[in-house]
There are 2 protein chains.
Amino acid sequence: MNSRHTPFDDLDRKIVTALMANARTSFAEIGAAVGLSSTAVKRRVDRLRDTGVITGFTATVKPSALGWRTEAYVEVYCEGAAPPRRLAEVVRNHPEITAAMTVTGGADALLHVRARDVEHFEEVLERIRVEPFIRKTISVMVLSHLLPESPEAGASQPVPE
Amino acid sequence: MNSRHTPFDDLDRKIVTALMANARTSFAEIGAAVGLSSTAVKRRVDRLRDTGVITGFTATVKPSALGWRTEAYVEVYCEGAAPPRRLAEVVRNHPEITAAMTVTGGADALLHVRARDVEHFEEVLERIRVEPFIRKTISVMVLSHLLPESPEAGASQPVPE
DNA sequence: TGTGAAAGTACTAAACG
DNA sequence: CGTTTAGTACTTTCACA
């Protein structure tokens with residue numbers, strides 16, 4: 001996971017693009033497309049993983065198929081100066097939070113939340129609101145997607161239905 | 001891509017979880033973990049792909065390593081009733097938009113935008129603002145992440161640095 | 001659905017330009 | 001960095017319970 005500035009050439013770009021399109025493409029097939037032997041491709045992929053450019057390979061799944069049918073963004077307003085370290089701890093306590101970041105604008109942080117349904121979402125919101133530092137939240141529910149959803153594998157684990 | 005309600009048991013859940021953790025795990029290894037032969041695992045994975053539960057396999061990449069160093073959410077306000085169909089067309093014209101959805105609240109839509117830097121982001125914003133229907137935008141820049149970033153492979157293609 | 005066997009591929013490491 | 005070679009492992013199809 002060495003994140004130093006290693007050179008990153010056109011071949012690497014093409015390899016990364018191929019693996020993003022299909023993480024199970026064989027090294028030989030990638031090699032044929034970029035003009036390299038399969039072992040050379042493997043060596044580059046190993047290096048891209050070591051340097052932290054490629055962080056993993058994941059199956060992309062339709063969240064609704066796993067039982068996550070409700071999605072929302074929650075703007076979080078904190079008491080006084082919000083220490084990002086403490087906020088990060090709070091965020092990790094709630095598995096339904098699939099992304100969280102500090103932001104510019106009126107709110108201190110923005111959370112992306114997935115829940116089974118609206119009832120579940122309300123329960124998550126209540127849990128978040130009683131955390132220390134949290135003064136106020138404003139929720140924006142997602143109605144429909146205008147682009148095909150990106151994987152977002154990290155936190156969307158299957159839920160029992 | 002048949003999205004019918006096919007039964008989805010514990011075995012399927014475990015297989016999906018294993019493939020989300022590592023899309024290159026062999027069928028034999030998954031089988032050993034869930035108590036199935038490799039051929040049985042393959043058959044289930046094939047079915048999960050056919051039914052649209054698993055939509056693909058992708059490499060997860062650190063966006064900053066590909067040259068995307070600026071990230072923002074853009075709330076979009078439209079003129080009159082915003083037709084989602086037309087909005088979807090607009091959104092597809094800008095490759096920097098990595099996610100887009102209609103939402104509740106004051107705004108009509110929320111866009112997730114990635115750019116190389118602030119200058120590039122400003123250029124994207126200007127392009128979006130001159131689209132028909134768009135009346136106003138409010139940008140929220142992402143400062144830092146409180147959770148490890150999820151893949152989001154879809155639109156983050158490598159950019160030349 | 002499950003299993004095992006067999007054929008074809010792919011992965012990986014080693015040796016070398 | 002690149003290549004080829006060679007052994008091992010994985011995938012895939014097929015026949016069958």
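Below, read A as the first sequence line, B as the second, and so on, with proteins coming before strands; counting in each chain starts at 1.
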Positional range of nucleotides in DNA chain D within the contact set of chain B, heavy-atom, under 4.0 Å: D:dC10 to D:dT13
Give the intermediate values and the outcome of salt bridge (Lys or Arg N to Asp or Glu O under 4.0 Å) for residues B:Asp10 and B:Arg13. CA-CA 5 Å; B:Asp10 273 325; B:Arg13 254 185 283 277; 3.5 Å; yes
To the nearest 10 degrees, the angle between the two end axes of the helix from C:dT1-D:dA17 to C:dG17-D:dC1 (five pairs per end) comes to 30°
In terms of side-chain geometry, is the basic nitrogen of B:Glu96 or B:Arg114 positioned less than 4.0 Å from the acidic oxygen of its partner? no
Between A:Lys136 and A:Asp108, does at least one N-O distance fall below 4.0 Å, as a salt bridge requires? no
Looking at A:Asp12 and A:Pro7, what are the two nearest heavy atoms and their distance? OD2-O, 3.9 Å
Kindly give the heavy-atom pair with the smallest separation between A:Ser139 and B:Thr104, and that separation in Å. O-OG1, 4.4 Å
Around atom CZ of B:Arg47, are there more than 12 heavy atoms of other residues, nucleotides or ligands at under 6.0 Å? yes
Reading 5' to 3' through nucleotides 5-17 of chain C, protein heavy-atom contacts under 4.0 Å coded B for base, S for sugar-phosphate only, - for none: B----SSBB-B--
Test: B:Asp46 and B:Lys42 ion pair at under 4.0 Å: yes
Is it the case that A:Thr58 and B:Thr60 place a side-chain donor and acceptor less than 3.5 Å from each other? no
Looking at B:Arg86, I'd like to know if its CZ atom is crowded, meaning that more than 12 non-hydrogen atoms belonging to other residues, nucleotides or ligands lie closer than 6.0 Å. no
Let me know the distance between CG of B:Leu11 and C1' of C:dT1, rounded to the nearest Å. 11 Å
Carboxylate-amine/guanidinium proximity below 4.0 Å for B:Arg85 and B:Glu89: no
